[in-house]
Number of protein chains: 4
Amino acid sequence: MRERQIMDAAVDVFSRLGFHAASMDEISDVAGISKPMLYAYLGSKEELFATCIRREATRMMEAIATGVEPDQEPDVQLWSGLRAFFGFVGENRASWMVLHRQASTQGGPFAVELTDMRTRAVSLVAALLTQSTKAPATKLEAESLAAALVGAGESLAEWWLDHPEEPAGVVAARLMNLVWMGFGDLVDGNVWHPPSRR
Amino acid sequence: MRERQIMDAAVDVFSRLGFHAASMDEISDVAGISKPMLYAYLGSKEELFATCIRREATRMMEAIATGVEPDQEPDVQLWSGLRAFFGFVGENRASWMVLHRQASTQGGPFAVELTDMRTRAVSLVAALLTQSTKAPATKLEAESLAAALVGAGESLAEWWLDHPEEPAGVVAARLMNLVWMGFGDLVDGNVWHPPSRR
Amino acid sequence: MRERQIMDAAVDVFSRLGFHAASMDEISDVAGISKPMLYAYLGSKEELFATCIRREATRMMEAIATGVEPDQEPDVQLWSGLRAFFGFVGENRASWMVLHRQASTQGGPFAVELTDMRTRAVSLVAALLTQSTKAPATKLEAESLAAALVGAGESLAEWWLDHPEEPAGVVAARLMNLVWMGFGDLVDGNVWHPPSRR
Amino acid sequence: MRERQIMDAAVDVFSRLGFHAASMDEISDVAGISKPMLYAYLGSKEELFATCIRREATRMMEAIATGVEPDQEPDVQLWSGLRAFFGFVGENRASWMVLHRQASTQGGPFAVELTDMRTRAVSLVAALLTQSTKAPATKLEAESLAAALVGAGESLAEWWLDHPEEPAGVVAARLMNLVWMGFGDLVDGNVWHPPSRR
DNA sequence: GATGAATGAGCGTTCATTCAT
DNA sequence: GATGAATGAACGCTCATTCAT
């Protein structure tokens, strides 16, 4: 499909240059089509950007939803989710950047798309937290913890880009340990292991 | 100093409008000087922005360094660091926005400044982790965990911008609990408390 | 004929939107054909517009020629001509607008078509004037007076577009009185009446 | 004044090409300045056009107001007005075109400027007509006759451009004869003469 | 014969940047 | 040292015009 090829180019350019610095000229160049075609297929620059965000958000959420194992214990669920997340980021650097970085700086229409995705992600984590009988987490608490988790994931993913020798699983396990065990346990030498090794 | 007054204006305008939407005209207006002076003192728009980032990053690192209590137990050190961080963000919204939100979306020259700051923060936390006798963390492990923590802090701070009704202490405590106790303890109802209440 | 249907659409669109705002897309849409066909039949946008002007000018001149009664006294001839003119304008707003309003504002190629029509109209009136035995009008005099009369008619017709509540006959009679009796008689209360009431 | 020189260029270009076909590039070229200066001095294209119309309308009305002799008989007043009008048009072809032709085709903001001027012109003529005791002209009648007169003047002025050998006074006298004496008198050989020759 | 799909060229507008004073 | 005035270079967007089918 033609739209697909254009959006790929747009995600590439947006993630490299940011919304404002990206020019429709460059996007159409990268896509290998003329500017009028770009407008015919995807509308204005803002519409194009919003569409990019929506598409990438959906792709990532689907990757995570596919990877997660909903019938397992909470820790296993979180573990599978993180693994899926790092797997996706590892293979879709541009997607992730356009999705999160860029979208959060441009106000207005884009905030909606991002809020949508964050809400879905937060719901997932919040569900995990409130599943457990003993954790009477408020909505605000769950939300903020989810935000922290997402940020930790993002930051770690970025760090990972500078240390590509580490496999995705190791990086994911490291974050899993941080958020599940906490530094408190870690400094005591207690670590969390995937279920197969328990 | 003349530079000081110009930079204050720049941080104000950049944080309100973002890098691209901010115009040198407006910055010079707010600074109360003419545009040629602006260029004479701070160079190009990009240089000015990079300088802003550098200055604000330094201010923040200093605030944290001042707040942290280096002779205490690791958890107290972390806690005091987090409190200082969220305290700074709460009182310097403009600094923080220009620093983080804007810088992270503009490609190229600015990433360097941001990476610098993140590296310094990561080093601090990594030192904390390796201080502890029982944690045989490799340098790589410590660094990645620190990266995750810093990211969680950044992300939570950003979330906080949209929920200003929460007091700084509450937000900091929430992150402290997450990273010290871990979800594993949290779902069991175990929480971390500041030293005065132990 | 295919051309006929296209030109009808063109006159409609041109008169509604003006030359520049009218797009070949809209004209082909209204005509119910594809754009390549539009170009095949009528050439460029400028050619199409010129053709519209020519067609509508011809239609109008024919309407007037049909309405005029050449064997009557000069005043009756003039009267019947004016009546025919205002009758045509009243029933062909679109024609008239595209013809006059639009054509007169676009420079260059279109002026020719308009000048042609005006020349033909002026010739008719000039002939009327020189018919009369007692008027030793030079060719130049007759032509200039005719030009003035035609302009008065055009302008009054345009004024009429903004005051559609007036019947065609009243407007025509008003111009007839002006050009036949003159202000000199009008301010004395002398008016001209159509022959049936003499 | 810099504005003056820009407006002269704008009137020139607008009158040659029409509102839409005129480009800001060409106007700035003709004015001998850069496009940003054009925008700095006169605002957007629409504002520039409106300003042109306003200026030219004012110039013309002043020329006529200066030429007219308000304490004379109605016919002398009209005569002096017509003479002033043709004098102005003879020396300001571009002004007149941008003023009348162009303004009447563009809707919206420009109509206001034009309506203003037409209202002032119509008032003058209507005052002439209603001055005379015997002419109980309604407002509508006066307005329409004034429109016709204006159109006749315009058309004759245009005809004049193709016959530049005729002096302004002769052309003005011809229109004076038409509108004061009417064809009825003219075909009988009765003509109107300026007061000095009566 | 007819068209869907494509584009070259241009427009109005803005802004970082720099002379002339 | 300081500035008002000026501009080169883009940018988002549109449209008359034409291939490939």
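This one's a predicted model, so the numbers in the text were calculated from it and none came from an experiment. A note on names: the letters A, B, ... follow the listed sequences, proteins ahead of strands, and every chain is numbered from 1.
Distance, I27(C) CD1 to dA16(F) P: 8 Å, rounded to whole Å. For the pair D29(D) CG and dA6(F) P, the interatomic distance rounds to 16 Å; values are reported in whole Å. Nucleotide dG12(E) holds its P atom 13 Å from the CZ atom of F49(D), rounded to whole Å. In this structure, L17(C) places its CG atom 11 Å from P of dC15(F), rounding to the nearest Å. The separation between F14(A) atom CZ and dC11(F) atom P is 13 Å, rounded to whole Å. Across the protein-nucleic acid pair, E3(A) atom CD and dA5(E) atom C1' stand 14 Å apart, rounded to whole Å. Between I6(D) atom CD1 and dA5(F) atom C1' the separation is 12 Å, expressed in whole Å. Regarding E47(D), its CD atom lies at a distance of 9 Å from the P atom of dT13(E), rounded to whole Å.
Axis angle between the ends of the helix from dA2(E)-dT21(F) to dT21(E)-dA2(F), five pairs each and rounded to 10 degrees, works out to 30°.
The two residues V89(A) and A157(A) come nearest to each other via the heavy atoms CG1-CB, 3.7 Å.
A donor-acceptor pair under 3.5 Å is formed between the side chain of K45(A) and the backbone N or O of F19(A). Judged by distance alone, with hydrogens and angles left aside, the side-chain atoms of E56(C) form no donor-acceptor pair with the main-chain N or O of I53(C) at under 3.5 Å. The closest donor-acceptor contact from the side chain of D12(C) to the backbone of D8(C) lies at 3.5 Å or more, if one exists at all. Judged by distance alone, with hydrogens and angles left aside, the side-chain atoms of E26(A) form no donor-acceptor pair with the main-chain N or O of S23(A) at under 3.5 Å.
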Inset, instruction - Sugar-phosphate atoms are those with a prime plus P, OP1 and OP2; base atoms are the rest. Using that split, label each nucleotide of nucleotides 14-21 of chain E B, S or - for protein heavy atoms under 4.0 Å, 5' to 3'. - result: BBSBBB--
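Atom CG in L42(C) sits 13.0 Å away from atom CZ in F49(C) (nearest 0.5 Å). Atoms CG and OH, on L48(B) and Y39(B) in that order, are 9.0 Å from each other to the nearest 0.5 Å.
Considering only heavy atoms from C-beta on, R54(A) comes within 4.5 Å of T51(A) through its side chain. Counting heavy atoms from C-beta on, the side chains of R55(B) and R4(B) come closer than 4.5 Å.
Side-chain N/O atoms of R2(B) include none lying less than 4.0 angstrom from OP1 or OP2 on dG1(F). Residue Y41(B) places none of its side-chain N or O atoms closer than 4.0 Å to OP1 or OP2 of dG1(F).
Set against dA2(F), dT3(E), dA6(F), the side chain of S34(C) has dT3(E) as its closest nucleotide.
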